[in-house]
Amino acid sequence: MYRIGIDIGGMSIKAGIVKDGEIISTKTKVTRIDGVLDTLIDDLSDLINGILNENGIEIDKVEKIGVGFPGVVTNKGYVTCVNLKLINQPVLDKLNDKFKNIKVSIANDANVAALAEYRHGSMKGFESGVMITLGTGVGGGVVINDRLISGANGIGAELGHLIIGENYYDCNCGNNGCFETFCSATAIINYAKKLIEENKDCKLYQVCEGNLDNLTAKMVFDLYKEKDEISVEVINRFKKYLAIGIANIVNFIDPDVVSIGGGVSNASNIILDNLSDEVKKHLPFKESNICDIVIAKFKNDAGILGASEL
Ligand SMILES: [Zn+2]
């Protein structure tokens, strides 16, 4: 039997056929965003039928379909994704209507990635693991004893909105001081822009050719390695708050492992350097052992693989 994992993003929808924990084929479609749920359901259906046809697999050989969404997924299968213009839509009911004899499951994409890492990647073999995805935003996933913990209403494990300080700008969620306003790629870019605006005679401004729209988190990490003053300040701030965020997680559930994924985690050496010691500084029990802090194994495949495991 086969499973299908689907990763929905703001730009594209990726589907994969999974057998025995291995992705054997993938297919991608551009995400159509018109705020109409049926559009999304039709696109998912086309994508699933398309990938099965391409691989000569009958639908009755599919035991499970799992879908990860970049938003909130309630326990009753309602989805809110601001990027997809979907507000509290009954996605699971619609998918169940479409695929009557197949088990369909849906979840938040960061939760899905955590499941992939727990079952097959960097958190494999640990009893409890927390995944932090540092991308455009900050996502979170908590897995304990092989079970995703997303709360009584499905709105838990939103680690990106842990409030860990006071920031100079508000989060998209309307609050101030959220983890993702300090530690996402967007946060790194925003803070670098702020410092560049105050001092345009700097290397970062040259690297982005005088156009701050070209600035990426990677540019800041690259210049950090060259000890560029602004880049060092930006990355040190990022690392300070990353340590505070992880310390909050340790204070709360003391997991066996914390795995860091998402695009920002490509700068793994810079991120992991001295991180455990910094986390410990923010804990009340400084002499205690703490969790392993590791970098996620899967990059682009976590969404498909994890969704197939739901
Ligand atoms: Zn927030």
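What you see is a predicted model; the values in this text were computed from it and never measured. What's counted below: heavy atoms across the whole structure, side chains too, no hydrogens, waters or symmetry copies. Whatever order the structure lists ligands and atoms in, that order sets their numbers, starting from 1.
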- request: Spell out, as yes or no, whether a donor-acceptor pair under 3.5 Å connects the side chain of Thr31 to the backbone of Met11.
  value: yes
task: Could you go through the side chain to side chain donor-acceptor pair (under 3.5 Å) check for Asn167 and Asn176 one step at a time?
output: CA-CA 6 Å; Asn167 212 344; Asn176 187 275; over 6 Å; no
Lys/Arg cation over aromatic Phe182: Arg237, 6.0 Å, 45° cone: no
Pairs satisfying side-chain hydrogen bond (donor to acceptor under 3.5 Å, both in side chains), at least one member in residues 270-284, at least two apart: Glu278-Lys281
task: For residues 3-20, pull every pair meeting side-chain hydrogen bond (donor to acceptor under 3.5 Å, both in side chains), keeping only residues two or more places apart or in separate chains.
output: Arg3-Glu63
task: Tally every protein N/O/S atom whose distance to the Zn ion (ligand 1) is less than 2.8 Å; waters are neither shown nor counted.
output: 4
- line: In short, side-chain hydrogen bond (donor to acceptor under 3.5 Å, both in side chains) pairs touching residues 298-310 with sequence neighbours left out are Arg119-Glu309, His120-Glu309
